[in-house]
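One structure is given below, encoded as structure tokens.
Counting from 1, the numbers follow the sequence of the chain as shown. Ligands are counted one by one from 1 in listed order, and the atoms in each one are counted from 1 as well. Just so we're clear, the structure is a prediction, and the values are computed from it rather than from any experiment.
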Amino acid sequence: MSDRPTGLDTAAIVASLVRPELCALSAYTVAAAEGMIKLDAMENPFPLPDAVRARLDAALADVAVNRYPDIAADRVKDALSRAFGIPPALGVMLGNGSDELIQVITSALARPGAAMLAPDPSFVMYRLNAIHAGMRFIAVPLAADFGLDRAAMLAAIERERPALTFLAYPNNPTGNLFAADDVAAIIRASPGLVVVDEAYAAFADASFLPRVAEFPNLLVLRTVSKVGMAGIRLGYAIAPPEWIAQLNKLRQPYNVNALTQAAAVALLADPGWIDGQAEAIRSERARLAVALARLPGVSVFETQTNFLLARVPDADRLYDGLKQRRILVKNVHSWHPLLANCLRITVGTPRENEALLAALTGLLAGS
Ligand SMILES: Cc1ncc(COP(=O)(O)O)c(C=O)c1O
């Protein structure tokens with residue numbers, strides 16, 4: 001006889017010990033993508049240019065993996081500051097993707113009873129992190145055109161006094177950029193920290209980065225994930241140094257590993273390739289938007305990201321049909337009433353986009 005509890009006992013013990021709000025969650029899942037055209041995760045579809053790949057290979061070959069990484073990662077911060085124009089007087093904190101920074105910021109502000117506010121629909125990790133940290137999550141519906149409902153946001157701020165507000169700028173999954181006036185009004189009215197999450201900054205025409213010093217309660221969040229470096233997991237937060245000093249206490253000491261640090265310094269040394277690829281994605285985005293909008297029954301929403309939100313006649317059927325044709329997009333139909341029959345499609349390479357258009361054309365014609 002084994003002493004091991006049966007599966008049933010273990011499940012009961014786990015359920016009695018783990019916080020019920022976590023047991024009620026489903027784990028974050030990602031669809032299997034082996035051999036598929038992958039247009040579901042807002043990745044940059046282009047490979048590294050040869051010269052950049054050579055620089056990366058050389059840098060990685062030199063990493064002393066027997067040593068802990070540089071705890072301050074100053075070379076990475078310098079490289080980011082130079083590449084992306086971070087104003088020098090501001091503090092910078094690095095994370096294992098911006099996902100980790102969302103977690104750090106949330107746990108720093110999760111006093112008992114504190115609230116997190118975000119428009120809805122927006123990036124799912126905000127709500128999940130509020131649940132993880134035991135914060136009340138206040139979701140304010142977006143207007144029908146996906147803009148911020150300024151009056152409803154200001155009323156919620158007045159009523160709930162949120163310790164933390166997240167605004168994805170541009171927004172995921174809708175793709176649009178909120179009006180800068182609305183964002184500034186929310187920052188001014190907020191008693192708490194406002195995080196302007198600029199994951200898609202490379203594809204947008206506006207940014208709050210140059211305005212961080214204007215507000216004592218603004219933090220801008222960025223990531224290298226959408227500009228060709230999703231695999232190295234590197235996000236960065238920019239805020240007045242007083243914020244960064246406190247948030248840094250919650251960061252795990254070696255959260256950005258030595259390989260990521262070396263890779264970032266090598267990849268950002270000459271960032272022209274990043275701008276070039278972002279520009280190529282923007283022009284493919286314009287071409288794809290026009291072509292998609294010509295398909296019967298398809299409408300495409302305005303976007304300032306590297307993905308397009310499209311309303312289609314039957315999102316479930318088209319999603320399945322594309323998957324059978326080895327093309328993976330994101331079906332967001334069930335996420336929110338405002339997203340009814342919507343697919344979120346990451347802009348791919350010209351060939352990938354052609355394959356998508358051909359498959360959709362066939363599916364919409366009923367073949
Ligand atoms: C708005 C927004 N913020 C943050 C992230 C997470 O990015 P990272 O890869 O840096 O964790 C995403 C990824 O989809 C996003 O859409």
Self-check item: Derivation and outcome, ring-ring contact (aromatic ring centres under 6.0 Å, His included), residues Phe301 and Phe146
Solution: CA-CA 9 Å; Phe301 295 95; Phe146 298 149; 4.9 Å; yes
Number the atoms of ligand 1 from 1 as they appear, then name those within less than 4.0 Å of a heavy atom of [X], with their elements.
| X | result |
| --- | --- |
| Ser225 | 8 (P), 9 (O), 10 (O) |
| Gly97 | 10 (O), 11 (O) |
| Asn172 | 14 (O), 15 (C), 16 (O) |
| Met42 | 14 (O) |

Given that the side chain starts at C-beta and the backbone is N, CA, C, O, which of these parts of [X] lies under 4.0 Å from ligand 1, counting heavy atoms, or is it both or neither?
| X | value |
| --- | --- |
| Ser98 | both |
| Glu100 | neither |
| Asp197 | side chain |
| Arg233 | side chain |

Indicate whether the side chain of [X] and that of [Y] have a donor and an acceptor atom separated by less than 3.5 Å.
| X | Y | answer |
| --- | --- | --- |
| Asp197 | Tyr126 | yes |
| Arg222 | Ser207 | yes |
| Gln304 | Asn176 | no |
| Arg282 | Asn306 | no |

Exercise. Using modelled atom types only, decide if a donor and an acceptor are shared between the side chain of Thr361 and the backbone of Leu357 within a distance under 3.5 Å.
Key: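 Yes, because the side chain of Thr361 sits within donor-acceptor range (under 3.5 Å) of the backbone of Leu357.
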Quiz prompt | Nearest-option assignment for atom 12 (C) of ligand 1, heavy atoms, candidates Tyr169, Tyr126, Phe123, Phe166 | solution =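 Looking at heavy atoms only, the winner is Phe123.
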Quiz prompt | side-chain hydrogen bond (donor to acceptor under 3.5 Å, both in side chains) between Arg233 and Asn257, intermediate numbers included | solution = CA-CA 9 Å; Arg233 306 300 296 132; Asn257 72 73; over 6 Å; no
Quiz item: How far is atom 13 (C) of ligand 1 from its nearest protein heavy atom, and which residue and atom is that?
Solution: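 The closest one turns out to be Lys226 NZ, 2.8 Å.
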